[in-house]
Amino acid sequence: MHPEDPQAANALDQAASSFNGLRPRLFGIAYRLLGSSAEAEDIVQEVWVRWQSTDRTVVMDPAAFLATTTTRLAINVAQSARKRRETYIGPWLPDPVDTGADPEARAERGEELELAVLLLLEKLPPTERAAYVLRESFDYPYGQIATILQLSEANTRQLVSRARKHIATERRTPVSSSAHRRLLKAFLAAAQKGDFAALEELFAADVVSYSDGGGAVRDAARIPVAGRTRVARFVAAFSSRFWPGTAITWVEANGQPGVLISQGETIVALLTISASAQGIDQLMWMMNPGKLSGSHWRLQGRAGAASGSEPD
């Protein structure tokens, strides 16, 4: 494009306008497929580069074109990411996103944004995951999903059905947001005291604690800790070493209550839970410094950052 060509400049402005209007959705698709905000941002940037160099005069439906490009790129990355995560040190958790500071990160339906659901999606083959996300999170018609994935509509319906069954089998009905918050608050009180009995009462029988430290954090367990008694013992055992000198800041992570745990100005962990009528099912400790910094979590300007009090 010549810098003084007003027609070309106007065309690029129109391209940017249409792209930016769809950007939250594109990020939402990529993030749900990859569980990584950094990788999702890279995908969206690559889609923008491709969109600039595309002959947009022949694109009948920009939204469909951009969603297709995003999905196919994300599937390719997901296939290679699967191999990388096999060599990841310790449990791998999806990058949490700050939906309190950036409501647009929710992009459409929020349920498939929950960390517990993203963990389940990670177990699905990338193409099956894509079919499920496009249908359940973004309500794309089966015919359009089939076109995006270059499959028959019948095959696409089968992929979505299979994914639904997998999620429904593995996932319990979550508690309400207020009950979720109460359980997390009760857990924090018991954990800080190292109260083994109180911790046991809060947990489901098959509770699992995941600590994602990426091999860089001493307090992050290298394997998941499972079972009510074992998890209670594990949490109680590190209470005297982990909690003194820390502050708690309440946040909204992936549409649900969570807490940032900090020492001074340094965030040492983001804790989230999943919970059902049976109690707390999962503890998810994000402790990997790279993921915490890459997800743009900040202490400044948040309610309760100084006192650790729970926001209204």
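- Between Leu73 and Arg50, the closest side-chain pair of non-hydrogen atoms falls below 4.5 Å.
- Geometric assessment of Arg25 against the ring of Phe138 yields a negative cation-pi assignment under the 6.0 Å and 45° thresholds.
- For Val77, the side chain to side chain contact (heavy atoms under 4.5 Å, CB included) criterion is met by Leu34, Glu39, Ile43, not counting sequence neighbours.
- Under the 4.0 Å criterion applied to side-chain N and carboxylate O atoms, Glu136 and Arg32 are not assigned as salt-bridge partners.
- Under the 4.5 angstrom side-chain criterion for Ile, Leu, Val, Met, Phe, Trp and Tyr, the cluster partners of Tyr88 are Trp92.
- Checked against Leu270 for a side-chain contact (heavy atoms from CB on, under 4.5 Å), the options Val251, Val259, Leu93, Asn288 give a single hit: Val251.
- Scored by the salt bridge (charged side-chain N to carboxylate O under 4.0 Å, His left out) test, Asp206 finds Arg172 as partners (sequence neighbours excluded).
- Connection of Ile261 to Ile273 is established within a shared hydrophobic cluster, with ILVMFWY side chains joined at heavy-atom distances below 4.5 Å, either directly or through further cluster members.
- Residues Pro141 and Gln144 have side chains in contact (heavy-atom distance under 4.5 Å, counting atoms from C-beta outward).
- Here the side chain of Asn254 pairs a donor or acceptor atom with the backbone of Leu113 at under 3.5 angstrom.
- When side chains are defined from C-beta on, Thr54 counts as touching Val59, because their heavy atoms get closer than 4.5 Å.
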Side-chain polar contacts of residues 188-205 - donor-acceptor pairs under 3.5 angstrom, sequence neighbours left out - could you list them?
unit_1: Asp195; atom_1: OD1; unit_2: Ala197; atom_2: N; d: 3.4
unit_1: Asp195; atom_1: OD1; unit_2: Ala198; atom_2: N; d: 3.1
unit_1: Glu200; atom_1: OE2; unit_2: Thr229; atom_2: OG1; d: 2.8

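- Taking Thr127 as the reference, Ile75, Leu149, Leu151, Leu159 meet the side chain to side chain contact (heavy atoms under 4.5 Å, CB included) condition, with sequence neighbours excluded.
- In this structure, the side chain to side chain contact (heavy atoms under 4.5 Å, CB included) partners of Ala63, at least two apart in sequence or on a different chain, are Leu22, Asp61.
- The salt bridge (charged side-chain N to carboxylate O under 4.0 Å, His left out) check on Arg230 picks up nothing, with sequence neighbours excluded.
- Among residues at least two apart or in separate chains, there is no ring-ring contact (aromatic ring centres under 6.0 Å, His included) pair with a member in residues 147-168.
- A search for salt bridge (charged side-chain N to carboxylate O under 4.0 Å, His left out) contacts involving Arg233 returns nothing, not counting sequence neighbours.
- Within the structure, ring-ring contact (aromatic ring centres under 6.0 Å, His included) contacts touching residues 34-79 (residues at least two apart or in different chains) are Phe19-Trp48, Trp51-Phe65.
- The residues Glu252 and Arg181 are annotated as not salt-bridged, no charged nitrogen and carboxylate oxygen being separated by less than 4.0 angstrom.
- For the side-chain hydrogen bond (donor to acceptor under 3.5 Å, both in side chains) condition, the pairs that include at least one residue of residues 235-248, sequence neighbours left out, are Asp219-Arg241.
- Gln150 is linked by a side chain to side chain contact (heavy atoms under 4.5 Å, CB included) to Arg72, counting only residues two or more places apart in sequence or in another chain.
- Under the side-chain contact (heavy atoms from CB on, under 4.5 Å) rule, Tyr132 has a single partner from Leu120, Ile167, Ile145, which is Ile167.
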List the steps and the verdict of side-chain contact (heavy atoms from CB on, under 4.5 Å) for Lys291 and Asp212. CA-CA 9 Å; Lys291 289 188 178 183; Asp212 184 339; 2.7 Å; yes
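- A donor-acceptor pair is defined here as one N or O able to donate and one able to accept, closer than 3.5 Å; no such pair exists between the side chain of Thr71 and the backbone of Thr68.
- Smallest separation of non-hydrogen atoms from Pro94 and Met286: O-CE, 3.6 Å.
- Looking only at distances, a side-chain donor or acceptor of Thr147 sits under 3.5 Å from a matching main-chain atom of Gly143.
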